[in-house]
There are 2 protein chains.
Amino acid sequence: MDLFQRDIEDVNNESRQLAQKRKIVSLLNKSEKPLTIPGICKKVKLSVPTGTKLINELIERNVIIESGKKETDNGRRPSLYKVDPDYAYSIGVVVLLKGISLSVFNLEMAESITFEDEHFELDNSPECLERVVAFVLDAIEKSGLKGKRILGLGMGITGRVNSGTGYSYNYFNFLEESLTDFFAKRFSFPVYIDNDTHVLGVAEQFFGHARNIRNAFVVNMSRGLGLAIIANGEIVVGEQGFAGEFGHMQFAESNKLCLCGKRGCLGTEVSGYALEQNFQEQVDVGETSLLMVNRSRDKIKYGHILKAAVDGDALAISLVHNMGFKIGKALGNMINFLNPGAIIIGGEFARAEEVLIDSIKSGMTHTALLLPLRSCELMFSSIGTEAASKGAAAIVLRNLKLI
Amino acid sequence: MDLFQRDIEDVNNESRQLAQKRKIVSLLNKSEKPLTIPGICKKVKLSVPTGTKLINELIERNVIIESGKKETDNGRRPSLYKVDPDYAYSIGVVVLLKGISLSVFNLEMAESITFEDEHFELDNSPECLERVVAFVLDAIEKSGLKGKRILGLGMGITGRVNSGTGYSYNYFNFLEESLTDFFAKRFSFPVYIDNDTHVLGVAEQFFGHARNIRNAFVVNMSRGLGLAIIANGEIVVGEQGFAGEFGHMQFAESNKLCLCGKRGCLGTEVSGYALEQNFQEQVDVGETSLLMVNRSRDKIKYGHILKAAVDGDALAISLVHNMGFKIGKALGNMINFLNPGAIIIGGEFARAEEVLIDSIKSGMTHTALLLPLRSCELMFSSIGTEAASKGAAAIVLRNLKLI
DNA sequence: GTTGGTTAGTAAAAAAAATTATAAACTTGC
DNA sequence: GCAAGTTTATAATTTTTTTTACTAACCAAC
C-alpha cells in the first residue's frame with residue numbers, strides 16, 4: 001500500500017488530486033471493460049481537461065495504460081484506458097489444518113503462480129507460525145515478485161478470526177500483538193486476515209455467483225460446516241468476526257455431542273466428518289457399498305463418499321441425500337431470518353450438486369416461508385478449489401477499495 | 001426533499017458547491033454538538049475561506065444558525081454553528097392493525113406534536129387507504145406545518161414491506177403502483193415505508209441502545225414477534241424486505257399450527273397472542289391468578305398478563321418466564337449466526353424486563369457458543385412507545401443522509 | 001469527395017478554491 | 001498591564017479547475 005500510494009501520490013502533498021487519482025484507478029479497476037476519458041470524467045465528476053491531466057500523470061507513472069480505441073457509431077473514436085494489470089500484485093494465502101497454499105494475483109485477479117505445501121500441519125505454536133512466515137517468504141522469493149509492487153497479503157485461516165482487529169483466536173493466539181501486526185513486521189507489505197469461510201464468501205461475492213446479489217449465503221461444506229453471510233452487499237463478520245458459526249447452530253434432530261461441548265449442533269449431522277461417521281455406522285449394521293470393495297472401513301474419507309454418491313452408489317446417495325435435507329431445513333430457517341437472494345453451496349460438497357440440489361430444496365420447503373423461499377436461488381459454487389486463495393487476495397484489493 | 005434541495009441549491013446548477021453544502025449540513029446534523037468553521041472545514045476537506053463562504057450562504061438561507069462561541073484554552077474564540085432545528089420537519093407515521101399515529105419531528109428529532117386514532121382498523125381495502133391519507137392530511141392541517149419545510153414522511157406498517165421498492169405485500173397490495181408512489185402523488189413530499197419492526201430497529205439504532213453498535217438485534221415482542229437485524233451498522237432488510245421473520249422461524253418445541261400454515265413457528269409459543277392462549281389454557285386446567293378476580297377469562301389481554309407478571313402474579317410470572325427461556329434459546333442460535341454485540345428487547349414485552357431478563361439469558365446459554373455469547377449484551381428498550389414513530393421519521397433523515 | 005453531424009481532445013479565458021498574509025480576539029506569563 | 005503565543009476570521013495573492021471555444025477524427029448521406 002505504501003508503494004502503491006507513493007506512486008499515485010505526487011511529490012507535494014496534493015491530497016485532493018491524490019484522492020481523485022485514487023478514484024480513477026479504483027473506477028478503472030472495478031470496471032470490467034476499459035473506459036474513455038469522457039466516461040471517467042463523468043463518473044468521478046471532473047472536467048475533461050483536469051481528468052485528462054490526471055490520467056496522463058497516471059500513465060506517466062505506469063499505473064494505467066492505453067488499451068486501443070473504442071468502436072463508436074459516430075464521432076471521433078475515444079482512446080480507452082485501463083489499469084495496467086501487472087502494475088501491482090496481491091497475494092492470497094490459505095492456511096488450513098492440513099496444508100498451506102499461496103497464490104499471486106495481478107490486478108485483474110489472474111492467478112500467476114501458486115505454491116502449496118500439503119505436508120504442512122497447523123498447530124498453535126510459535127514454530128508453526130515461523131513455518132508459515134518461511135513458506136510465504138520462500139514463495140515470494142521463488143515467484144519473482146522481488147522489486148515488483150505488492151499491494152498486500154490476504155490470509156484465510158481456519159478457526160475464529162477477527163478480521164477487524166487482525167486477531168486470531170484459535171491459532172497463533174500466543175502473540176502479544178495481533179496476527180496482522182506480527183506479519184506486517186515480518187513482511188514489507190500489509191497483511192489482512194479472515195476466517196477461511198469468510199474468505200470463500202469474498203471469492204463468491206466478487207468472482208462467483210454472488211456477484212450483483214446484495215444478500216446471500218455462501219455455505220462452506222467440507223470437513224466442517226461454515227457459512228459466510230452477505231447482507232446489504234457486504235460480508236457480515238459480526239462484532240468479533242465470529243458470524244456464520246453454522247456448524248454449531250442447534251438445528252440437529254439427534255443429540256450427538258459436539259466438539260464444542262454442546263449437543264444438537266448441526267455440524268454433528270451435516271459435515272464431512274459426520275458423513276464419515278454415518279457411513280461407518282451404516283456399514284456396521286450391514287449396509288454395503290461399492291466403496292468397501294477395495295478399501296478398509298476406516299480409510300474411507302468423506303471425499304470418497306461424495307464421489308461415490310455422484311457415481312451412483314446407493315448407500316452414499318442415501319447418506320448425502322439425508323444431509324442435504326437436514327441442511328436444507330436449517331437454511332430454510334435462515335432464509336426467513338435474512339431473506340437472501342441466493343444460497344451458494346461451496347466447499348468439497350459442491351461437487352455432489354446432482355445429489356444435493358433436490359434434497360436441500362426439499363428441506364428448505366419444510367421451514368422457509370413461501371415468499372422469501374421463492375426468491376432465493378440455490379446455486380453451487382463454480383469457482384473451484386482456488387476460490388479460497390483468490391478470495392484471500394481479494395481482501396487486499398477490497399481494503400484498498402480497488403474492487 | 002425538493003424544498004430542502006432547492007434551499008441548499010443555488011439558482012445556477014452548482015453541483016460541486018451543492019454537494020459540499022449538503023456535506024456541511026449533514027455533518028452538522030449528525031454531530032451532537034455545534035461545530036466551528038475550522039472544525040467543519042477540516043472534516044469536509046475544504047479551506048477555511050471557502051468553508052466560511054458556503055456556511056455564510058447557508059446562514060443566509062436560514063438552514064444553519066450561529067449558536068454561541070466555543071470555550072477554548074487559548075486563542076480567539078470560534079463561533080459555533082448548527083443546523084436550525086426548526087429549519088425543516090419530518091413526519092413519522094405508524095400504521096398498526098388497530099390504531100394509527102403520526103408524529104412531527106424537527107431536525108433534532110424532538111417531537112413537536114402527535115396525533116392518534118385508536119379507532120382505526122387496518123384492512124386491505126381502498127377505503128382504508130383513503131382513511132390513512134385523510135388522517136395524514138388532517139394531522140398536517142392541524143399541526144400548523146403549512147408553509148414549513150417538510151422533508152418527507154416515513155411510515156412503519158404492519159406486514160411484509162419492501163422498503164427498497166416501496167411495495168407493501170400484505171396491505172394496500174391492490175395498487176398498480178408502489179405504496180410510496182401512491183402517497184407521493186397525494187402528498188407534496190416524498191414518502192418512505194418499512195415494516196413496523198424495522199422501523200423500531202431504526203429508532204433503536206439512532207436514538208436507543210444500538211447507537212455505536214455495528215451488529216445488533218432489536219426484537220419487537222408485542223402481539224406478534226418480529227426482529228430487526230443491524231449488521232455492519234445497517235438495518236438488514238434482505239432481498240425483498242422480508243428479513244427478520246422471527247415469529248415464523250422453526251424453533252418451537254410444540255407442533256402448534258401457525259397462521260402461516262406451518263407448524264413449529266416460534267411465534268406460536270412466544271408472542272402476545274401465545275401468552276393469551278397459554279394463560280387461558282392454564283386457567284382452564286385450574287390455575288388461578290389475580291387477573292381473574294374481576295375480569296372474564298376471554299377479556300384478559302397479553303398487556304394485562306405482562307403487568308401482572310411485573311406485579312408478582314405467580315401464574316403470569318411463570319408464563320412470561322417460560323417465554324423468555326424459549327426466545328432466549330432461539331436468540332442464542334442467532335447469536336452464533338451473526339455474532340451481534342447487543343440484543344435489545346423492544347415492544348410491549350420490554351416492560352416486563354425484570355421477569356424476562358434472566359430467563360432470556362438462561363435460554364441463550366443453552367444454544368449460544370461461549371465467545372459470541374460473552375460479548376453480546378442483553379438490553380431492554382428505553383425509548384418507549386413513541387419509538388416507532390420516531391424511527392419512521394428517522395427513515396426520512398437517513399434517506400437524506402442527515403443522520 | 002464534399003458537406004453536415006457527432007464526439008474527442010486541447011488551448012485560451014474565466015471562475016473558483018487554496019495558500020499566504022494579516023488583522024482580530026483571546027490566554028498566559030512576567 | 002503589556003508582550004508573547006494561539007487560534008479565528010478575513011483580505012490579497014496564487015494556484016487549480018472549469019467553461020468556453022476551437023480543432024481533430026470519424027461516419028453517413030448526397
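Here is how names work: the chains are called A, B, and so on, in the same order as the sequence lines, proteins then strands, and each is numbered from 1. The model shown is predicted, which means the values in this text are computed figures rather than measured ones.
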Q. With nearest nucleotides of DNA chain D determined for B/Gly39 and B/Pro49 from heavy-atom distances, which residue corresponds to the more 5′ nucleotide?
A.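 Comparing both residues, the 5'-ward one is B/Gly39.
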Without decimals, in angstroms, what is the distance between [X] [atom1] and [N] [atom2]?
X: B/Lys70; N: C/dC26; atom1: NZ; atom2: P; answer: 15 Å
X: A/Leu35; N: C/dT7; atom1: CG; atom2: P; answer: 18 Å
X: A/Lys21; N: D/dT17; atom1: NZ; atom2: P; answer: 10 Å
X: A/Asn56; N: C/dA8; atom1: CG; atom2: P; answer: 16 Å
X: B/Lys45; N: C/dA18; atom1: NZ; atom2: P; answer: 12 Å
X: A/Gln20; N: D/dT16; atom1: CD; atom2: P; answer: 12 Å
X: A/Leu80; N: C/dA8; atom1: CG; atom2: P; answer: 11 Å
X: B/Ile55; N: D/dT10; atom1: CD1; atom2: P; answer: 10 Å

Q | Minimum-distance nucleotide to B/Val48 side chain [options: C/dA16, D/dT10, D/dT17] | A |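 Closest nucleotide to the B/Val48 side chain: D/dT10.
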Q: State which of D/dA9, C/dA8, C/dA17 makes the closest approach to the side chain of A/Pro38.
A: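 Closest of the options to the side chain of A/Pro38: C/dA8.
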Main chain of [Y], side chain of [X]: is a donor-acceptor contact present, judged purely on distance under 3.5 Å?
X: A/Asn399; Y: A/Ile395; value: yes
X: A/Asn29; Y: A/Val25; value: no
X: B/Arg149; Y: B/Tyr87; value: yes
X: A/Asn162; Y: A/Gly164; value: yes

When you compare the protein's N or O atoms with those of nucleotides 23-27 of chain D, which come within less than 3.5 Å of each other, and at what distance?
{"from": "D/dA25", "atom 1": "N3", "to": "A/Arg76", "atom 2": "N", "distance (Å)": "3.3"}
{"from": "D/dC27", "atom 1": "OP1", "to": "A/Arg77", "atom 2": "NH2", "distance (Å)": "3.1"}

Q: Output yes when at least one side-chain N/O atom of B/Ser47 is less than 4.0 Å from OP1 or OP2 of C/dA18, else no.
A: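 Yes, such a contact exists.
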Q: Answer yes or no: is there an ion pair linking A/Glu204 with A/Arg211, defined by an N-O contact shorter than 4.0 Å?
A: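 Salt bridge: no.
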Q: Among residues two or more places apart or on two chains, list those pairs meeting salt bridge (Lys or Arg N to Asp or Glu O under 4.0 Å) that have a residue in residues 394-403 of chain A.
A: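 Sorted pair list comes back empty.
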(Q) Here's one to test your reading of the geometry: is the NZ or CZ of A/Lys390 within 45 degrees of the ring axis of A/Phe105 and under 6.0 Å from its centre? (A)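 No cation-pi geometry.
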Q: Just call it for B/Ser79: base, sugar-phosphate, or nothing, with non-hydrogen atoms closer than 4.0 Å on any strand.
A: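 The answer is sugar-phosphate, as B/Ser79 gets under 4.0 Å only of primed atoms, P, OP1 or OP2.
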